[in-house]
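This report refers to the structure that appears directly beneath it.
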Amino acid sequence: MKPELNYIEINRNSWNNRTETHIQSDFYDVEGFKKGKSSLNEIELNLLGDIKGKKILHLQCHFGQDTISLSRLGAEVTGVDLSDEAIKKAKELAEETGSTAQFVCCDIYDLPNHLNEKFDIVYTSYGVIGWLPDMDKWANVVTTFLKPGGHFVFVEFHPVVWMFDDDFTKVEYNYFNAAAIVETESGTYADKAADISQSYVCWNHSLSEVMTSLIQNKLTIQGFDEFDYSPYACFQHTIEFEPNKYRIKHLDNKIPMVYSIVAQL
């Protein structure tokens, strides 16, 4: 990555630019959410278990739907995101739905300068670590905010997915974290026809890079799983083969699309 490339500002602007489109999209179904629909999926709900009375830190929370969904299950939740526009909307959504969820706007790496608490669970999910260049710094943030014996619950799109071009017809990107990926897109995953465009900077992270970073930051991996579907139709050419389970049509179940890790401090 070029030293002059300020990925934090580029990505903050990118997510600020998307937020209103996401809120208006069918993908996020904000109206349904306001009426009580949870935004959490079967995968993470099974991993989290009973969270009533737990303190949870939700990293990279976007405009707060999962954060609020966690609070509806009885947890005391704090959500964090880089985008000031997303955090503004998250606070509005929390107020509108009567949620106790709290929100912090900052770069994840800078969170220790904005928050001084310990949590039973640190949680983050789906399309999050690709916006971060350094997995060791990320894992250190996780450790910093966990209570002794606390758990890290992580669900993410599988790195194999990010190797493909948008049409899933060829391998275009490196599986390993070789360099920053700098691109501009029209539309957004929640509304591919939206009349918006934004630049962004991201990185691919292999499974070994992620797991090693957690292990080296004093976390014990207790569970690891891979899934041959996505709970979101956010990629090109997806088909819904079961309710809320999507695969790339011409690849069917041949590739992993999501993975999960549970680790303990």
* To do: Return the orientation label for the H58 and Y123 ring planes: parallel under 30°, perpendicular over 60°, tilted otherwise.
  => tilted
* To do: Report the C-alpha separation of D225 and I261 in whole Å, then their side-chain angles, then the decisive distance to 0.1 Å, and conclude whether the side chain to side chain contact (heavy atoms under 4.5 Å, CB included) test is met.
  => CA-CA 7 Å; D225 207 350; I261 297 174; over 6 Å; no
* Between E183 and Y200, does any side-chain donor sit less than 3.5 Å from a side-chain acceptor? -> yes
* H151 side chain reached by V262 side chain, heavy atoms, under 4.5 Å -> yes
* Under the side chain to side chain contact (heavy atoms under 4.5 Å, CB included) criterion, do N244 and Y229 qualify, and how do the steps go? -> CA-CA 9 Å; N244 301 312; Y229 70 90; over 6 Å; no
* Structure fact -> Nearest heavy-atom approach of Y28 to A190 is CE1-CB, 3.9 Å
* To do: Could you tell me whether the side chain of T124 and the main chain of L59 form a donor-acceptor pair under 3.5 Å?
  => yes
* Asked: Should R247 and D252 count as an ion pair when the cut-off is N to O under 4.0 Å?
  -> yes
* Where is the tightest heavy-atom contact between N17 and Q198, given as atom of each residue plus distance? -> ND2-OE1, 2.8 Å
* **More than 12 heavy atoms of other groups within 6.0 Å of N113 CG** => yes
* Just by distance, do the side chain of S39 and the backbone of D66 share a donor-acceptor pair under 3.5 Å? -> yes
* Without hydrogens or angle criteria, can the side chains of S71 and S99 be said to hold a donor-acceptor pair below 3.5 Å? -> yes
* Asked: Which heavy-atom pair separates I68 from A90 by the least distance, and what is that distance?
  -> CD1-O, 4.3 Å
* Do D228 and M257 come within less than 4.5 Å of each other through their side chains, counting heavy atoms only? -> no
* Evaluate the criterion side chain to side chain contact (heavy atoms under 4.5 Å, CB included) for residue pair N217 and V142; output intermediate values, then yes/no. => CA-CA 9 Å; N217 281 276; V142 171; over 6 Å; no
* Please report the closest heavy-atom contact between S14 and S199, naming both atoms and the distance. => CB-O, 3.2 Å
* Report yes or no: does D165 contribute a side-chain atom to a donor-acceptor pair with the main-chain N or O of K170 at less than 3.5 Å? => yes
* Minimum heavy-atom distance A263-L219, with the two atoms named -> CB-CB, 4.1 Å
* To do: Find out whether Q216 and L214 are in side-chain contact, i.e. whether some heavy atom of one side chain is under 4.5 Å from a heavy atom of the other.
  => no
* Asked: Less than 6.0 Å separating the ring centroids of H205 and F176?
  -> no
* Asked: How about Y232 and Y126: are their ring centroids closer than 6.0 Å?
  -> yes
* Quick one: does N41's side chain have a donor or acceptor within less than 3.5 Å of a partner on E44's backbone? -> no
* Asked: Any side-chain donor paired with an acceptor under 3.5 Å for N16 and N13?
  -> no
* Asked: Can you check whether F157 and F235 have ring centres sitting under 6.0 Å from each other?
  -> yes
* **Within-4.5 Å side-chain heavy-atom neighbours: M163 and N174** => no
* Under 3.5 Å, side chain of N11 to main-chain N/O of V201, donor-acceptor pair present? -> yes
* Asked: OH/Y189 to OG1/T21 distance, rounded to the nearest 0.5 angstrom?
  -> 11.0 Å
* Lys/Arg-Asp/Glu bridge criterion (N-O < 4.0 Å) met for K55, E117 -> yes
* **Polar contact flag, side-chain donor to acceptor under 3.5 angstrom, H22-H62** => yes
* **Side-chain (R72) to main-chain (T67) donor-acceptor, under 3.5 angstrom** => no
* Structure fact -> OG1 (T144) and NZ (K137) are apart, to the nearest 0.5 Å, by 12.0 Å
* To do: Given side chain to side chain contact (heavy atoms under 4.5 Å, CB included), test I43 with V258 step by step and report yes or no.
  => CA-CA 10 Å; I43 295 172; V258 165; 4.0 Å; yes
* Taking the inter-plane angle between the rings of W203 and Y7 on a 0 to 90° scale, is it parallel (under 30°), tilted (30 to 60°) or perpendicular (over 60°)? -> perpendicular
* Asked: Do the side chains of W131 and D107 get nearer than 4.5 Å, heavy atoms only?
  -> no
* Do S206 and P159 come within less than 4.5 Å of each other through their side chains, counting heavy atoms only? -> no
* What about the rings of F152 and W138, do their centers lie closer together than 6.0 Å? -> yes
* Determine, for K245 against E240, whether the closest basic-nitrogen to carboxylate-oxygen distance falls under 4.0 angstrom. => no
* Asked: Can you tell if the side chain of F154 reaches within under 4.5 Å of the side chain of V122, non-hydrogen atoms only?
  -> no
* Asked: Do the side-chain N and O atoms of N177 and E209 include a donor-acceptor pair separated by under 3.5 angstrom?
  -> yes
* Could K89 and F63 be counted as a cation-pi pair, given that NZ or CZ must be under 6.0 Å from the ring centre and within 45° of the axis? -> no
* Going by heavy atoms in the side chains, are F119 and K54 under 4.5 Å from each other? -> no
* **Note: R18-E185 ion pair, threshold 4.0 Å (strictly below)** => yes
* To do: Count the heavy atoms of every other residue, nucleotide or ligand shown that sit under 6.0 Å from NZ of K37, and state whether that count exceeds 12.
  => no
